[in-house]
Student: 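Take this structure first; my questions come after.
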Amino acid sequence: MSDNHSLGKLAKGEHRFGREKFVMENIAASLVGTDMWNAEVYGGLSVASRMSATIRQGRNTLKIRWAFMRLNGIMTGFLEHFYLVLEGKVPASDTSAATEMPSADRVERAMEGLWNLHHAIEGLYDTGVRKGFRQRTLLRDQMATLEKNKELLVDMIQWLSQMTDSEEMTRINELFDLAEAEIERGETVALP
């Protein structure tokens, strides 16, 4: 890992207190920008673009529903896998690309891809709202799923942004340092 790596001490696993949580976050961060990550993000962007064309071409509700189901399936799978890794419920990956922390450049490119995907999904959602898809029986549930996925995608982007914010990481490291000092001085009380 380079000295200028923006994930700081937490990426190096230097803290005992709360370490498990941050180990899981580091494992999840290691997924960022891998080939599989890019395939999922850009695959979703491709489906969203095709779906936009489908919506503009006609009013075939079944075709639109199928396109929504396909996009929502890709997005739900991608997001669920990321959050399961973040929670430590599944291993990150068997690939060597996911065993090292991503560079700041890799994270930045990944965030750009996520923002592109978010904007495409947001555009689809807004078009669906304008066209009354939330009132159509066959599309209502797909619109709700798309809205949920859109929000989870924003949460993921914000998490990545916080993990790469050196000021935020410095504040977190300072809090861990204070907590460790209190533990060493015996100033903490075990809760029942």
Student: Find the distance between OH (Tyr42) and CG (Leu117) and round it off to the nearest 0.5 Å.
Tutor: 9.5 Å

Student: Evaluate whether atom CE of Met111 has more than 12 neighbouring non-hydrogen atoms of other residues, nucleotides or ligands under 6.0 angstrom away.
Tutor: yes

Student: Sequence neighbours excluded, which residues qualify as salt bridge (Lys or Arg N to Asp or Glu O under 4.0 Å) partners of Arg130?
Tutor: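 In terms of salt bridge (Lys or Arg N to Asp or Glu O under 4.0 Å), with neighbours along the sequence ignored, Arg130 is linked to no residue.
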
Student: Just jot down the ring pair (Phe, Tyr, Trp, His ring centres under 6.0 Å) partners of Tyr125, sequence neighbours excluded, or say none.
Tutor: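 Partners of Tyr125 under the ring pair (Phe, Tyr, Trp, His ring centres under 6.0 Å) test: none.
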
Student: Say whether, by atom type as modelled, one donor and one acceptor occur between the side chain of Arg134 and the main chain of Arg140 under 3.5 angstrom.
Tutor: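 The answer is no, because no donor-acceptor pair under 3.5 Å joins these two groups.
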
Student: Under 6.0 Å from the CD atom of Glu182, do we count more than 12 heavy atoms belonging to anything else shown?
Tutor: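 Atom CD in Glu182 is packed in, count exceeds 12.
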
Student: Tell me every residue that passes side-chain hydrogen bond (donor to acceptor under 3.5 Å, both in side chains) with Gln142, counting only those two or more places apart in sequence or in another chain.
Tutor: Asn72

Student: Atom CG in Asp155, atom CZ in Phe82: separation rounded to 0.5 Å?
Tutor: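 The CG atom of Asp155 sits 10.5 Å away from the CZ atom of Phe82.
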
Student: Mind checking whether Val154 and Val41 sit in one hydrophobic cluster, side chains of I, L, V, M, F, W, Y counted as touching below 4.5 Å?
Tutor: no

Student: Following the transitive rule for hydrophobic clusters with a side-chain heavy-atom cut-off under 4.5 Å over Ile, Leu, Val, Met, Phe, Trp and Tyr, establish whether Met36 and Leu160 coincide in one cluster.
Tutor: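 Not linked; separate clusters.
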
Student: Could you tell me which non-hydrogen atom of Met51 sits nearest to which non-hydrogen atom of Ile64, and how far apart they are?
Tutor: CE-O, 4.3 Å

Student: Is there side-chain contact between Met156 and Phe78, with at least one heavy-atom pair below 4.5 Å?
Tutor: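 Yes, close enough: below the 4.5 Å cut-off.
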
Student: Treating Ile, Leu, Val, Met, Phe, Trp and Tyr as nodes and any side-chain heavy-atom pair under 4.5 angstrom as an edge, say whether Val129 and Leu139 lie in one connected cluster.
Tutor: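 Yes, one cluster joins them.
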
Student: For Trp66, check side-chain contact (heavy atoms from CB on, under 4.5 Å) against everything at least two apart and list the hits.
Tutor: Arg70

Student: Say you draw a straight line from CG of Leu84 to CG of Leu79; how long is it, rounded to the nearest 0.5 Å?
Tutor: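 Nearest 0.5 Å value for the CG-CG distance: 10.5 Å.
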
Student: Carefully, step by step, assess Met75 and Leu146 under the rule side-chain contact (heavy atoms from CB on, under 4.5 Å).
Tutor: CA-CA 8 Å; Met75 291 306 305; Leu146 189 67; 5.7 Å; no

Student: Find out if a path of hydrophobic residues (ILVMFWY) with successive side-chain heavy-atom gaps under 4.5 Å connects Met69 to Ile74.
Tutor: no

Student: Check whether any side-chain heavy atom of Ile121 lies under 4.5 Å from a side-chain heavy atom of Asn149, and answer yes or no.
Tutor: no

Student: Can you list every pair that meets salt bridge (charged side-chain N to carboxylate O under 4.0 Å, His left out) and has a residue in residues 114-123, with sequence neighbours left out?
Tutor: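 Applying salt bridge (charged side-chain N to carboxylate O under 4.0 Å, His left out) to every pair that reaches into residues 114-123, excluding sequence neighbours, yields nothing.
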
Student: Mind checking the CG-OH spacing from Leu152 to Tyr83? Nearest 0.5 Å is all I need.
Tutor: 5.5 Å

Student: I'd like to check Leu114 versus Trp37 (side-chain heavy atoms, cut-off strictly below 4.5 Å). Are they in contact?
Tutor: yes

Student: Any idea how His119 and Trp115 line up, ring-wise: parallel (<30°), tilted (30 to 60°), or perpendicular (>60°)?
Tutor: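 Rings of His119 and Trp115: parallel, under 30°.
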
Student: Using the test side-chain contact (heavy atoms from CB on, under 4.5 Å), find all partners of Ser52 that sit at least two apart in sequence or belong to another chain.
Tutor: Arg56, Leu124

Student: Please identify each residue that fulfils side-chain contact (heavy atoms from CB on, under 4.5 Å) with Glu108, with sequence neighbours left out.
Tutor: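 For Glu108 there are no side-chain contact (heavy atoms from CB on, under 4.5 Å) partners, ignoring immediate neighbours.
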
Student: Would you please name every residue forming a side-chain hydrogen bond (donor to acceptor under 3.5 Å, both in side chains) with Ser46, sequence neighbours left out?
Tutor: Arg50

Student: Specify the closest pair of heavy atoms between Ala120 and Leu45, including all atoms of both residues, with the distance to one decimal.
Tutor: CB-CD1, 3.6 Å

Student: Listed by chain and number, what are the side-chain contact (heavy atoms from CB on, under 4.5 Å) partners of Asp141, not counting sequence neighbours?
Tutor: Arg65

